[in-house]
Amino acid sequence: MVCNFHEAKPGKRINSIMHILIILLVQALILSSMQAAVKGNWKRHIIWEGLHNNVAVAAEFTGDDRVDVITNAGGKTRLFVAPNWKEVIIGDHKDHTFIHGETFDVDGDGDADFIGARYQPGLIVWFAQPNKNAGGGLWKARIAEDEIIGIHGVLKADVNGDGKLDLLANSAQPKGRFPNSAVWLEIPRNPHEADRWIRHVFAKNDAPGLSHYLGVGDLNEDGRLDITLAAKGGPSDKSGKGEWFAWWEAGEDPTKPFKKHHLPGKHPGATNILPADVNGDGKLDIVASRGHGTGLIWYENPDWKIRDINTELLSSHCLQVGDIDDDGDIDAVTCAYVSRKVAWFENDGKGKFITHIIHDDQAAYDIRLVDMDTDGDLDTLIAGQQSKNVVWFENPLRNP
């Protein structure tokens, strides 16, 4: 809006100023209302109850533009079809209990497939969607990786920059062909016929201490995708080399091992680590949680100074980052299984966070930020683990 104050008469000038002030006041009230709404009541929607489960992913699986959910529990992989959450068994395999998972179009046929990862014996299986067949029938399961032991986290990303998604996975055990390592898996030209995906070791024997989840981002601004990883350590860590957060710097050839950089501090129970620009300076910082311990932190790039997000929640074993209140900066969300609280952390845009409790009686192993109701804001999807459920919490931003 441009106003020519020099040529306008005094009365018109005052009216113009008042008009601008009214517009600014209305905009401020709208923004304030939206932000107040997101801090309010998050409605809890139960998708399924009954069994311990560690993973839930969401995508439009059935061709009706609604967001569906896939989870795994009790030796079965289940698709829940929105909006009424009709249950469809897509995998029946008593020896496949998945600890983590992903979803994307693996075979390039235009629909979303499901990827499940078993901890031990290590195994990654991908399920090819049969032409958006939500009516029933098992999805064909094929091996993506079967030689890595102790897979705990998987993550999709275009590691080599070829425009196609790859899959990252870790080896949280000090044994097998790839002890204390982490890899990225390239999808073969014909994944339906391949024995397994193409394996590239980026962390070669330098990720000890029971590693957990992964993150990706160009941390040093060299145009290459770097990888983050965390290790919980603790009594079950026989090496005594866990309790760390670290990042691996990509070189010119992403098929070769990356260079490891330890991040400052000793972090008992470290699990999650996600690159994100927390303070809005254009550099990727790192948001991290001690999911088998206490608290959430963020590291400020480039000196990696540690700053607290929350110092009270116990076992925040899941973490996601995104703009939850739609104010232009990165927030975070978790569900702490010992504290049994779902919480999101409001960022002031400069890296100072306020904790907001979404629900105070819910446990989780896995959480995803997904627009479940397609209303334009980020909701939370939770695999309830000890709560023995799959639920999603509706962000009240668009529905105050």
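What you see is a predicted model, and the numbers here were worked out from it, not measured in a lab.
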Indicate yes or no for a side-chain donor-acceptor contact from [X] to the backbone of [Y] under 3.5 Å, with no hydrogens or angles considered.
{"X": "S171", "Y": "I149", "result": "yes"}
{"X": "W184", "Y": "P254", "result": "yes"}
{"X": "N205", "Y": "N180", "result": "no"}
{"X": "N310", "Y": "G295", "result": "no"}

Is it the case that the side chains of [Y] and [X] hold a donor-acceptor pair, with the cut-off being a distance below 3.5 Å and no angle test?
{"X": "T62", "Y": "D64", "answer": "yes"}
{"X": "E186", "Y": "H200", "answer": "yes"}
{"X": "Y337", "Y": "Q362", "answer": "no"}
{"X": "H152", "Y": "H100", "answer": "no"}
{"X": "W298", "Y": "D308", "answer": "no"}
{"X": "N279", "Y": "E300", "answer": "yes"}
{"X": "H192", "Y": "D107", "answer": "yes"}

Those residues that, when tested against D253, pass side chain to side chain contact (heavy atoms under 4.5 Å, CB included) (two or more places apart) =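 So D253 forms a side chain to side chain contact (heavy atoms under 4.5 Å, CB included) with T255, K256.
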
Across all chains, not counting sequence neighbours, the side chain to side chain contact (heavy atoms under 4.5 Å, CB included) partners of I330 are A276, V321

Under-4.0 Å salt bridge between D146 and R196 =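 Result for this pair is yes, salt bridge flagged.
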
Could K341 and D360 be called an ion pair, given the rule that one side-chain N must be under 4.0 Å from one carboxylate O?
->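 Salt bridge absent between K341 and D360.
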
Under 4.5 Å side-chain linkage, directly or through intermediates, the cluster mates of I89 =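 Taking Ile, Leu, Val, Met, Phe, Trp and Tyr as members, I89 shares its hydrophobic cluster with L138.
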
If you group Ile, Leu, Val, Met, Phe, Trp and Tyr whenever their side-chain heavy atoms sit less than 4.5 Å apart, what else falls in with W197?
-> F104, V106, I115, I124, W126, I148, I151, V154, L165, L167, F178, V183, L185, I187, V201

In chain order, what residues pass the side-chain hydrogen bond (donor to acceptor under 3.5 Å, both in side chains) check against E147, with sequence neighbours excluded?
-> R177, R199

Kindly write out the residues that satisfy ring pair (Phe, Tyr, Trp, His ring centres under 6.0 Å) with H93, not counting sequence neighbours, or none if the list is empty.
-> H96, F98, F127

